[in-house]
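Report on the structure given below.
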Amino acid sequence: MSFQTETHDNFDFLADALFAELLAGEELNLSLSAEHQDYVRFNNSKVRQATAVWQNNLTLILQHAGRKTAATFDLSGNQHQNLQMLRSILRHARQELRELPEDPYLAPMQNHGRSENNSLGQLPTTADVVACIAEHTAGTGFTGLFAAGPQIRAARNSTGLDHWFSTESFFMDYSLFTTNAAGEAKAVKNLYADRAWNQQGFLKSLQDNKQHLDLLQGPSLSMTPGSYRVYLAPAAVTELINMFSWGAVSFYAWKNGNCALHELISGAKSLSAKFNLKENFKLALTPLFNSLGELPPSELSIIEQGQLKNLLISSRSAQEYTAISNAAEAGGGSNEYLRSVVLEPGNLPENQVLENLHTGLYISNLHYLNWSDMQNARITGMTRYACFRVENGKIIAPIKDLRFDDSLYSLFGSALEALTRESYVSPAIDTYHIRALGGCKTPGALVDAMRFTL
Amino acid sequence: MSGTLIIRPEFPEFDVYQALSWIQTEADWIGLRFVQEQAYQRHVRNQHPQNNAISITRGVMVEAMIDGCLAYAGSSDLSKSGIHKAALRAAQLARLGAAGNIFNFSEKHRPKAQGNFAGVFSESFDSQSLAEFTDQLIAACRHLQVSSRIVNACAEAQLVEAWNHYVSSNGTDIHQQWLLVSQNYSATAQDGTETQQRSMSGPVARCRQAGLELFDFTAIHADCQRIGQEALALLDADNCPAETLDLILAPDQMLMQIHESIGHPLELDRILGDERNYAGWSFVTPADFGRLQYGSKHMNVTFDPTVAGQFASYAFDDCGNPAVREYLIKDGLLLRGLGSLESQDRLGLPGVANFRAANWNRAPIDRMANINLEPGDSSLNEMIAGVERGVYMTANKSWSIDDYRHKFQFGCEYARMIENGKLTKVVKNPNYRGVTTPFWNALRKVGNRDEREIFGTPYCGKGEPSQIIRVGHASPPCLFSGIEVFGGSP
């Protein structure tokens, strides 16, 4: 029996048993995150650590008399032991509800229907991948992480809601390294991810990356701090777009004074008319349903032609602030975040980027972003990997890493000159505790002025 | 009858010795690490319950060594069949890795060790009811709400019970257990379009190994009132000026400065390049140990997992290496890196006992534990008195540093100007930036032992696959000269 089938059977067994034991007035939601993954970490084309993980994390939410508590635990492989544990936790949860004060913002559980979505992949064996890396990456300093295997998300509640999602996929997130003439280590970065392994496709990517490494052989230029015209490659744009999930388009964050784009919301400021951001689950990188089994629209415009269209609103935020939920997922701090985000492309052909940049900086990646002045949507971070000085439409030399500090109102507002016609999907590669789902699709961005400070 | 804050679920029996006996012939060497953690999140916002959640993690990590290759398989299936499957998979991965292994490991990297550790505490988590504890958090919110301009008041605590039992086929038997507490109290003040947030030492910096004795709610409520008032003061404050000035950092910002610009660059696995695809590499090279003047002569930094009650104290790391205090930097000179037995052997450098896994489902890697700046002989008052024009910053709110751990920028919640030897007006949005070794060489004074404060964070992220682990940092206030400071946009 496959991991997916066995997990589905176990989940249904537990849910059916628990729902049958609920007392009058109790509401119960069960959500599941499960995976059976191989993670292989490489350094310099060799295996540094290989780890297989089998895990099933079940979260139980019990609501009764306007009160709520939640408990998450790791299921074992024994159904009856799991049920015994769940009953024990349910008894404790009932005790907690008797002690907790009423929660005025509790959203009642609802039946958001049923769905089942299973996607099988054609995954390589870990042995094949290890052999491929050993054979084809010698001399490149190949370093990175390979992850592969089935992932599951599911939710059921006592009102009848029942959603199931399983997928099989892999990613190879890697960097290649070289040492330039001045003795500096330089690198290029790539992500190869899909549901089916295509060795020729992977090797083609690798070959392209090796050619980019050659561009890094010359000594790096030290750029003085100041304002530069820049091209942000799609991976760099993705890092900036990720900051929108740090409270920038969260209804809860806005209501609590912690929203970086509050001036966009109030209409005091706008972004560029070229900037169109949406949540789009048609990317099929993550289930439509959220952890409560609620269903957001399959497409939701967030920012349209530089103006706010919608904030992300969870059912809890909607309850607290008398708004209409769009079934957004809320994180630990209750801020809603984007799960499958698309920045719409523009009309600049990728092969004309250098010509249009003319003189400035080509930035392949950004690193370690954070708000430096959240109320003004100002972000700081570093350039990383293959970044170059461009003059008269030609790459002149790699540059040393620079720190930037600039506002989204400039980068994606007054200074945004063009977005590329081509855009690229980046599946999520987060692996904190469990491999993430979701991702984004972004084009590159030509920006007339970006402020560098160090 | 009232229940307690914690849960005692009816866990199925798991005998770690029996489990080892099932699998110890599957490889040249087998290790089995059983981890159980029960974490309780208690969060009140604006005097209403915001989140009450229990997280129970329980599983094993099987380590198999074959032909010098170590591989891992983690599973929450603790049945005989589940343990067997994990052992077989770990052995398969070790076999396939052996041909292209990064280093030829042996039992010296998993030395036989036996012992116990129990973190200190005096009041167990079952000494209060959930109702009593929640009432105190609600009262904390009330004390934060010093004005109608406080639009958000949060009081939250995380209580963790953790057990780790590590056994191996060469006789290791280590049992360690901890009670851990993290707490956060914050107030958001708003007036028109101006919003400012102030918390007690920064988000979740108040982390200790402790029981409920850490919750002195009389003192906490008084502190809540102070930070509510400070949030209001920030609303009316000018921006921090953009100048090059003397800078005094409070211990609750020193924790982040130590963490990002000392802890991470000294991790030997970063220096070896294991992290260079993700968290990054390091500007420190193997040749720097014993030679690099990392900071001024006032700079003394220890790796110290032996401090009773500090957040990342333990007796053994996750390969069985006994934990001892070591100087990383003495009188400003770099001496030793943060590297496990594996990294030490790969680099030929001394290290520390810091091979740590975040949970049962992750392999151990080089981590910080408690990284502390040792006290000096100055005092905060003496430092302030000696500054003609400067800034005193406290409580981290923003952090960023490059992948080689050179160029950093930090933001704090609250600052006051220092003018002619005295603390003067409050300034908002204080930030500073610098480069690691010039910054630490600008360290002029270090506060004394009485002014040392112990903090930590539950959220140190690193590794592929990624791991979030607890670390501790203790420091007195410190004075740096000639630092570029700045504020928010006008």
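Quick note on labels: first sequence line is chain A, next is B, and so on, each numbered from 1.
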Exercise. Please step through salt bridge (Lys or Arg N to Asp or Glu O under 4.0 Å) for the pair A/R41 and B/E275, ending with a clear verdict.
Key: CA-CA 10 Å; A/R41 186 174 206 192; B/E275 281 285 322; 2.6 Å; yes

Quiz item: Roughly how far apart are A/N370 CG and B/I401 CD1, rounded to 0.5 Å?
Solution: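 Nearest 0.5 Å value for the CG-CD1 distance: 12.5 Å.
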
Exercise. Look at the side chain of A/T431 and the backbone N and O of B/S466, then say whether any donor-acceptor pair between them is shorter than 3.5 Å.
Key: yes

Quiz item: Okay, side chain of A/D373, backbone of B/G487: is any donor-acceptor separation there less than 3.5 Å?
Solution: no

Are [X] and [Y] packed together at the side-chain level, in the sense that at least one heavy-atom pair is separated by less than 4.5 angstrom?
X: B/S398; Y: A/M374; answer: no
X: A/W54; Y: B/K85; answer: no
X: A/R316; Y: B/Q50; answer: yes

Self-check item: For the student: nearest non-hydrogen atoms of B/T193 and A/H262, plus distance
Solution: O-CE1, 3.7 Å

Self-check item: Heavy-atom closest pair, residues B/K407 and A/D401
Solution: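 Minimum heavy-atom contact is NZ-O, 2.7 Å.
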
Quiz item: Are B/Y40 and A/E96 close enough that a side-chain donor and a side-chain acceptor fall under 3.5 Å?
Solution: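 No, no side-chain donor-acceptor pair sits under 3.5 Å.
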
Quiz item: Checking heavy atoms, do the side chain of B/L78, its backbone, both or neither come under 4.5 Å from chain A?
Solution: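 Contact with chain A is through the backbone of B/L78 alone.
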
Exercise. Please look at A/I434 and chain B and tell me whether the side chain, the backbone, both or neither of the residue comes under 4.5 angstrom of a heavy atom of that chain.
Key: backbone

Quiz item: Any residues in residues 86-98 of chain B near chain A, with a heavy-atom distance under 4.5 Å, and which are they?
Solution: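 The residues closer than 4.5 Å to chain A, in numerical order, are B/R89, B/L93, B/L96, B/G97.
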
